[in-house]
Amino acid sequence: KHGILSRKSHAEMDGKRTPRGRRGWKKFYAVLKGMILYLQKDEYKPDKDLSEVDLKNAVRVHHAMATPACDYSKRPNVLKLKTSDWRVFLLQAPSEEEMMSWIFRINLV
Ligand code: I3P
């Protein structure tokens, strides 16, 4: 699965709140491949290697949990992703249908 997702970091690997200055929203081209959600700067091209930044932004979603971010009302179609290493991300999809589809696919991994 792939598509546009905006990301906001809410908590870090230790479960601590992401510090100010790094809590902004950022738009990515997201690709879910195997157990990894790649958050890429540019659209996916099969023959192009991922940049260092793209690799750094990749999130392991094995044993992660995705749910609608019901407690976040500033933007629509936002899901909350909790990873097995205690990171928390908010991810905004372009529509409710897309949000539900991402939640379903992430929780299948
Ligand atoms: C954050 C940025 C986010 C905002 C966040 C700020 O600043 O303005 O958009 O979240 O608020 O800390 P920075 O880019 O300097 O990290 P919202 O869009 O959800 O308001 P927060 O600290 O209350 O999460």
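When a ligand or atom number is given, it counts from 1 through the structure's own listing order. Because the structure is a prediction, the values reported are computed rather than measured. The analysis underlying the following values was restricted to heavy atoms, covering all of them including side chains, and did not include hydrogens, waters or symmetry mates. Residue numbers run from 1 in the order of the sequence given.
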Problem set entry | Euclidean distance, Trp25 CH2 relative to Lys8 NZ, rounded to 0.5 Å | 6.5 Å

Exercise. Going through the checks in order, is the salt bridge (Lys or Arg N to Asp or Glu O under 4.0 Å) test met by Arg60 and Asp85?
Worked result: CA-CA 9 Å; Arg60 216 175 114 83; Asp85 56 11; over 6 Å; no

Seminar exercise, completed: What one should report as the nearest heavy-atom pair of Tyr29 and His2 is OH-ND1, 2.6 Å

For this session: Could you name the protein residues that come within less than 4.0 Å of ligand 1, counting only heavy atoms, and order them by chain and residue number?
Result: Lys8, Arg17, Arg20, Gly21, Arg22, Arg23, Gly24, Trp25, Tyr72, Lys74

Exercise. Could you go step by step and tell me if Arg17 and Glu12 meet the salt bridge (Lys or Arg N to Asp or Glu O under 4.0 Å) rule?
Worked result: CA-CA 6 Å; Arg17 193 176 193 272; Glu12 306 290 297; over 6 Å; no

Problem set entry | Met35 reachable from Trp102 in the ILVMFWY side-chain graph, under 4.5 Å edges | yes

Problem set entry | Distance, nearest 0.5 Å, that separates NZ of Lys82 from CD1 of Ile106 | 14.0 Å

